[in-house]
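Everything on this sheet refers to the single structure shown next.
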Amino acid sequence: MSARWRPISKRIPASPCLRSSRKILNPSITIPPMPSYPGATRGVVMHFSKTLIPTLKEDPVDAQVISHRLMLRAGLIRPLGAGIYTWLPLGLRVLRKVEAIVRQEMDQAGAQEVLMPAVQPGELWQESGRWEQYGKELLRFVDRHDRQCCFGPTHEEVIADLVRREIRSYRQLPANFYQIQTKFRDEIRPRFGIMRGREFLMKDAYSFDLDQAGLDVSYQTMFETYQRIFNRCGLAFRAVEADTGSIGGASSHEFHVLADSGEDVIVSCDQCGYAANLEKAVAAHVEAGAVESLEEMQRVATPGQKSIEAVAQFLKIPTSRLVKSLLVETAAGPVLLLLRGDHALNLVKAAAALAVSQLTIPEPERAAQLAGVEMGSMGPVGSRLPILADQAVQGLRNFVCGANESGWHLQHVNWGRDLPLPAFADLRNVVAGEPCARCAGGRLVRHQGIEVGHVFKLGDKYSQALGVRVLDRQGLEQTLVMGCYGIGVSRIVAAAIEQNYDQNGIIWPKALAPFQLELIVLNPREAQEVAAAEGLYQALLADGVEVLLDDRDERAGVKFKDADLLGIPLRLLVGGRSFKEGMVELQSRRGDLSERLPLATALSSVMALLGS
RNA sequence: CGGGGUGUAGCGCAGCCUGGUAGCGCAUCGGCUUUGGGAGCCGAGGGUCGGAGGUUCGAAUCCUCUCGCCCCGACCA
């Protein structure tokens with residue numbers, strides 16, 4: 001046997017003191033000596049020159065949204081494949097900051113941290129029924145024994161399985177388990193970098209209660225915890241009422257970071273606290289105002305005019321005078337939906353109004369076949385299809401709609417006279433400026449948002465399917481009610497950038513910044529500057545400050561540009577003109593602070609700022 | 001999934017139409033000068049031109065297939 005096969009223990013150096021071995025492994029991290037006085041914590045110094053922070057001068061051409069561009073340019077992440085990224089040292093520090101806040105607040109709220117497997121057996125998903133339901137977003141594969149597996153996009157099944165095995169008594173309740181785990185969802189089209197990747201870091205929590213009242217308490221606790229988390233992250237956000245989707249019934253809120261680049265539309269009232277996502281948002285129904293006299297219905301030729309816009313222009317009337325007829329298919333057959341020309345169909349509302357779980361928009365050919373006329377000319381008059389109309393068309397008089405005849409529309413159509421009054425329901429997206437349904441006088445405002453959190457009362461969907469039961473006080477078996485609570489940890493990093501940047505780069509909120517302070521040594525060849533900087537960072541370390549030390553032998557301009565790009569909130573400059581006068585310069589990234597300080601008092605000034 | 005685009009050095013791109021020694025800028029390495037907002041000069045290294053097959057004396061270039069990536073769309077008729 002060669003020396004390679006000696007017992008492992010003999011190859012481990014003696015005295016593997018953590019501090020010294022860590023220094024050897026990563027010379028760029030300086031672990032400071034123990035704090036100089038009680039109450040002080042240990043800081044961190046990272047040497048720019050010894051750390052992989054690959055900043056880019058030019059914008060990566062593929063990146064469209066600001067956070068994606070800046071995360072690549074600032075050297076926080078690098079792509080590996082579609083929607084999958086490596087987190088580099090600086091980016092990882094930010095991710096860890098978010099994690100730490102989430103973890104602290106979850107622990108504070110009484111949740112217990114666990115770590116569940118990323119790879120899950122297909123059987124479990126078959127048990128819940130989601131193996132078939134979940135679709136292509138679920139990444140499935142087989143192991144060497146041909147067992148079906150999936151990479152967890154979420155963990156309801158796993159946690160339900162754990163709880164049904166381990167929790168037997170109501171006395172062990174309520175319980176809330178959370179984890180911070182890598183998830184994978186095989187998105188149709190991953191985009192926007194970290195904002196909508198396929199692999200992402202998520203905090204998911206699951207509460208278990210004996211009854212609905214218990215769930216209400218757990219839910220409320222999480223709701224408040226989420227507000228604390230996003231506040232601590234320094235984000236402008238909004239909690240909105242959300243649609244509960246196919247599970248139905250139970251309540252749900254989404255937390256959105258407000259940003260113009262957000263993919264979601266949320267609606268809020270400018271007077272009361274009402275806020276909801278677009279799928280769910282409702283406006284107060286207003287009866288039509290002025291009543292015009294009824295005019296004679298007539299056919300009007302509209303050759304080749306197939307869109308609402310085109311017909312409106314052709315007839316020289318506003319789109320709000322048109323009624324558009326949308327054909328949808330349900331399990332119970334096709335239905336003709338009527339909306340005002342300037343309104344947009346809300347599929348979720350329509351499905352609810354029709355009491356069906358699935359609504360599909362047929363392909364044009366199929367729609368034409370079902371309606372007996374091409375799509376641009378469909379209309380309710382004389383149609384033999386069941387009709388459901390949006391409330392907003394109820395008050396219309398003398399409106400225009402398709403004539404069910406290619407190339408023709410009907411003008412001056414009126415309810416009751418030209419066609420029977422159909423059933424009405426709320427089928428559309430609200431429009432900015434509409435009156436609030438919850439208060440008097442409020443107006444609805446639309447915002448773009450990035451969904452970073454979602455709390456959901458699951459009820460017994462999974463506990464029923466998987467048999468999660470305990471004995472209650474009477475010794476009777478009870479099925480537990482569950483809540484689930486997610487936070488997109490990695491997405492928060494991107495969302496924070498979407499909300500905090502300028503033309504020069506990122507401007508981190510204090511709580512998420514990878515470092516509290518960037519210390520720039522203007523000229524690392526000047527021994528005096530280096531000595532002064534070293535004295536400063538040793539002192540900062542002892543006071544528990546996280547410092548990025550830009551000790552690179554680069555020109556001043558390069559360091560300034562990179563500092564702007566990286567977005568660390570405070571910058572302390574040692575060197576150059578001011579140094580010759582015994583001064584250092586302290587600046588904030590936001591630009592609201594720029595002052596010269598005597599080297600001797602710099603430390604206390606920095607500490608005062610960081611403390612504030 | 002449908003439509004479009006693109007793939008040439010680490011990054012950004014030209015070359016392709018019209019086949020004939022693979023180029024530019026930035027970055028990297030060395031030298032000199034410079035040094036407070038992405039320096040200058042000189043020199044150097046670095047490329048299976050996404051992959052496979054084909055046409056041709058000869059393919060980054062033409063043809064076929066394939067893979068990756070990006071964009072748009074997947075309610076607004």
Side-chain angles (χ1 to χ4, degrees), chain A residues 52 54-65 68-69 72-73 75 78-84 135-137 186-193 278-279 302 305-312 319 322-329 336-351 359-368 370-371 373-379 390 401-402 406 409 427-429 431 503-505 520-526 529 552-565 571 573-580 583-585 587 594 596:
Chain A
L52 183 64
T55 56
L56 302 173
K57 214 186 286 191
E58 295 173 72
D59 265 336
V61 73
D62 289 344
Q64 303 298 310
V65 296
H68 192 194
R69 280 218 301 271
L72 290 168
R73 281 196 59 202
R78 282 295 181 263
L80 182 62
I84 52 180
K136 288 192 161 182
E137 278 193 14
D186 204 352
E187 296 272 350
I188 298 174
R189 179 144 95 89
R191 58 187 127 175
F192 306 148
L278 188 62
E279 288 180 342
T302 49
Q305 310 302 317
K306 297 195 173 171
S307 70
I308 290 290
E309 292 296 326
V311 173
T319 53
L322 268 83
V323 166
K324 62 177 162 190
S325 309
L326 310 179
L327 187 76
V328 296
E329 272 194 284
L336 199 62
L337 301 179
L338 303 183
L339 274 94
R340 224 168 71 183
D342 57 333
H343 285 158
L345 175 65
N346 181 317
L347 274 176
V348 172
K349 289 180 181 177
L359 260 193
T360 52
I361 313 290
E363 295 293 309
E365 300 78 41
R366 171 134 182 94
L370 288 166
V373 62
E374 62 172 341
M375 289 203 304
S377 301
M378 279 177 207
D390 181 66
C401 61
S406 187
H409 277 72
L427 301 178
R428 65 185 180 86
N429 290 336
V431 178
Q503 62 196 15
N504 296 315
I520 297 179
V521 190
L522 203 63
N523 187 350
R525 297 180 197 187
E526 290 287 335
E529 290 184 15
R552 292 175 301 168
D553 186 10
E554 290 283 356
R555 299 168 67 83
V558 173
K559 295 186 185 187
F560 293 150
K561 288 288 185 190
D562 274 347
D564 287 345
L565 185 57
R571 180 188 308 175
L573 178 67
V574 177
R577 296 189 296 256
S578 53
F579 188 74
K580 290 191 178 66
M583 310 287 273
V584 295
E585 293 165 48
Q587 294 171 334
S594 179
R596 290 179 150 213

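Just so we're on the same page: letters track the sequence lines, and every chain starts at 1. This is a predicted model, so every value here is computed, not measured.
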Which whole number of Å gives the distance between the [atom1] atom of [N] and that of [M]?
N     : M     : atom1 : result
B/G19 : B/C49 : C1'   : 15 Å
B/G50 : B/U18 : C1'   : 25 Å
B/G45 : B/A27 : C1'   : 13 Å
B/G7  : B/U61 : P     : 12 Å
B/G4  : B/C65 : P     : 14 Å
B/G47 : B/A14 : C1'   : 15 Å
B/C16 : B/C75 : P     : 42 Å
B/C63 : B/C72 : P     : 29 Å

Inset, instruction - Examine B/C71: is either OP1 or OP2 under 4.0 Å from a nitrogen or oxygen in the side chain of A/R189? Give yes or no. - result: yes

Legend entry - side-chain N/O A/K559 vs B/G36 OP1/OP2, d < 4.0 Å: no

Legend entry - Rounded distance [0.5 Å steps], CG in A/N523 versus CG in A/D553: 7.0 Å

Nearest whole angstrom, please: distance from the [atom2] of [N] to the [atom1] of [X].
X      : N     : atom1 : atom2 : result
A/E585 : B/G36 : CD    : P     : 12 Å
A/K57  : B/G37 : NZ    : C1'   : 12 Å
A/F579 : B/G36 : CZ    : C1'   : 15 Å
A/R555 : B/C26 : CZ    : C1'   : 16 Å
A/K561 : B/C26 : NZ    : P     : 17 Å
A/D553 : B/G36 : CG    : P     : 14 Å
A/L522 : B/G37 : CG    : P     : 9 Å
A/R69  : B/C11 : CZ    : C1'   : 16 Å

Pair partner, [N] [Watson-Crick or wobble, under 3.5 Å]:
N     : answer
B/U55 : none
B/C1  : B/G73
B/C41 : B/G31
B/C24 : B/G12
B/U6  : B/G68

Please confirm whether any donor atom in the side chain of [X] sits under 3.5 Å from an acceptor in the base of [N], or the reverse.
X      : N     : value
A/D59  : B/G12 : no
A/R73  : B/G38 : yes
A/E554 : B/G37 : no

Would you indicate which nucleotide in [options] comes nearest to any side-chain atom of [X]?
X      : options             : answer
A/E58  : B/G73, B/C75, B/C11 : B/C11
A/A556 : B/G36, B/G38, B/C11 : B/G36
A/A82  : B/C71, B/C69, B/G36 : B/C69
A/A344 : B/G38, B/C76, B/A74 : B/C76
A/V558 : B/C76, B/G38, B/G36 : B/G38
A/K324 : B/C69, B/C76, B/C75 : B/C76
A/R525 : B/U35, B/C76, B/A39 : B/U35

What contact category does [X] fall into here, base, sugar-phosphate, or nothing, at under 4.0 angstrom with non-hydrogen atoms?
X      : answer
A/D342 : nothing
A/S578 : base
A/R571 : base
A/G575 : base
A/N523 : nothing
A/L573 : base

Tell me the closest heavy-atom pair linking [X] and [Y], and the distance in Å.
X      : Y      : result
A/K57  : A/R73  : O-NH2, 3.5 Å
A/G379 : A/S325 : CA-OG, 3.5 Å
A/P524 : A/K559 : CD-NZ, 3.8 Å
A/L345 : A/L427 : CD1-O, 3.5 Å

Inset, instruction - Take A/R596 and A/L345, find for each the nucleotide of RNA chain B with the closest heavy atom, and name the residue whose nucleotide sits nearer the 5' end. - result: A/R596

[Y] and [X], any side-chain heavy atoms less than 4.5 Å apart:
X      : Y      : answer
A/K136 : A/D186 : no
A/H409 : A/V311 : yes
A/L522 : A/E529 : yes

